[in-house]
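Have a look at the structure below before the remarks.
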Amino acid sequence: MEEERKMSESVRVLIEEKKLNERIAELGAQISSDYEGEEVCLICILKGSVFFTCELAKRITVPVTLDFMSVSSYGASTVSSGVIQVKKDLDESIENKNIIVIEDIIDTGRTLKYLLEELKKRGPKSLKLCTMLDKPDRRVVDVSTDYTGFEIPDEFVVGYGLDYAQRYRNLPYIGILELG
């Protein structure tokens, strides 16, 4: 059964590694400019955002701290369940800090809307959202990004931290998962 499933999956490149690196460098430069003379705390949304957060942090020239949250609405499916679960909360207070939430992809927006509302209650100095990928065609709630890597079509994508049932995260590019 496992063998059959693997044979019926393929990944088609959507965004090459070189384009990802170029865009991440641009985002890092923009964030560095926007926060010149300040410190910024990046909140990495686990697990999908790890690759993007690490690469972005390396390209930000102002002082950076990192914290992590795990929030899920997918499980092992290709469709968002709409049920938001906080699996791991922050280790540090964000009160009076410049916060940038780092997300791998914004789909329906439900998870991010919930998360941003919760984080606002904690009194950050500023709260912004940075996403590697944005799928505006799938949006069901209003969530606006401050920093966006790429706007993509309504396809299920994997790679560069994004997974399907915990697989494909280690691809160095963004690809469209094709299930046959």
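Quick note: residue numbers are just sequence positions, from 1. Basis for what follows: all heavy atoms, side chains included, without hydrogens, waters or symmetry-related copies.
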So which heavy atom on [X] is nearest to which on [Y], and how close?
X	Y	value
Ile105	Leu162	CG2-CD2, 3.6 Å
Tyr35	Ser126	OH-OG, 3.8 Å
Asp163	Ala165	OD2-N, 3.5 Å
Gln30	Tyr147	CG-CE2, 3.7 Å
Met132	Phe52	N-CE2, 3.3 Å
Val143	Gly109	CG2-O, 3.3 Å

Residue pairs involving [range] (criterion salt bridge (charged side-chain N to carboxylate O under 4.0 Å, His left out); sequence neighbours excluded):
range	result
residues 170-180	Arg12-Glu178
residues 145-162	Arg138-Asp154
residues 34-51	Glu38-Lys125

Answer whether the closest heavy-atom distance between the side chains of Tyr114 and Val86 falls below 4.5 Å.
->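 In short, these two side chains touch, coming nearer than 4.5 Å.
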Review item, side-chain donor-acceptor pairs of residues 19-28, under 3.5 Å, at least two apart:
residue : atom : partner : partner atom : Å
Asn21   : ND2  : Glu17   : O            : 3.4
Arg23   : NE   : Thr148  : O            : 3.4
Arg23   : NE   : Gly149  : O            : 3.0
Arg23   : NH1  : Glu26   : OE1          : 2.9
Arg23   : NH2  : Thr148  : O            : 2.7

Hey, mind stepping through Arg139 and Thr108 against side chain to side chain contact (heavy atoms under 4.5 Å, CB included) and telling me if it holds?
-> CA-CA 4 Å; Arg139 199 80 83 247; Thr108 65; over 6 Å; no
Pick one: which of Leu115, Ile106, Ile102, Ile100 meets side-chain contact (heavy atoms from CB on, under 4.5 Å) with Leu129?
->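 Only one option passes, and that is Ile106.
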Please say which of Leu90, Leu127, Thr53 ends up in a side-chain contact (heavy atoms from CB on, under 4.5 Å) with Ile43.
->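 Testing Ile43 for a side-chain contact (heavy atoms from CB on, under 4.5 Å) against Leu90, Leu127, Thr53 leaves exactly one candidate, Leu90.
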By salt bridge (Lys or Arg N to Asp or Glu O under 4.0 Å), which residues pair with Glu118, not counting sequence neighbours?
->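 Partners of Glu118 under the salt bridge (Lys or Arg N to Asp or Glu O under 4.0 Å) test: Lys121.
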Please table the atom pairs, donor to acceptor, closer than 3.5 Å between any side-chain atom in residues 59-68 and protein atoms at least two apart or in another chain.
residue : atom : partner : partner atom : Å
Arg59   : NH1  : Glu55   : O            : 2.8
Arg59   : NH1  : Glu55   : OE1          : 2.8
Thr61   : OG1  : Ser32   : OG           : 3.2
Asp67   : OD1  : Asp91   : N            : 3.2
Asp67   : OD2  : Asp91   : N            : 3.1
Asp67   : OD2  : Glu92   : N            : 3.0

If the plane angle is over 60° it's perpendicular, under 30° parallel, otherwise tilted; pick one for Phe156 and Tyr164.
->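 Perpendicular: the ring planes of Phe156 and Tyr164 meet at over 60°.
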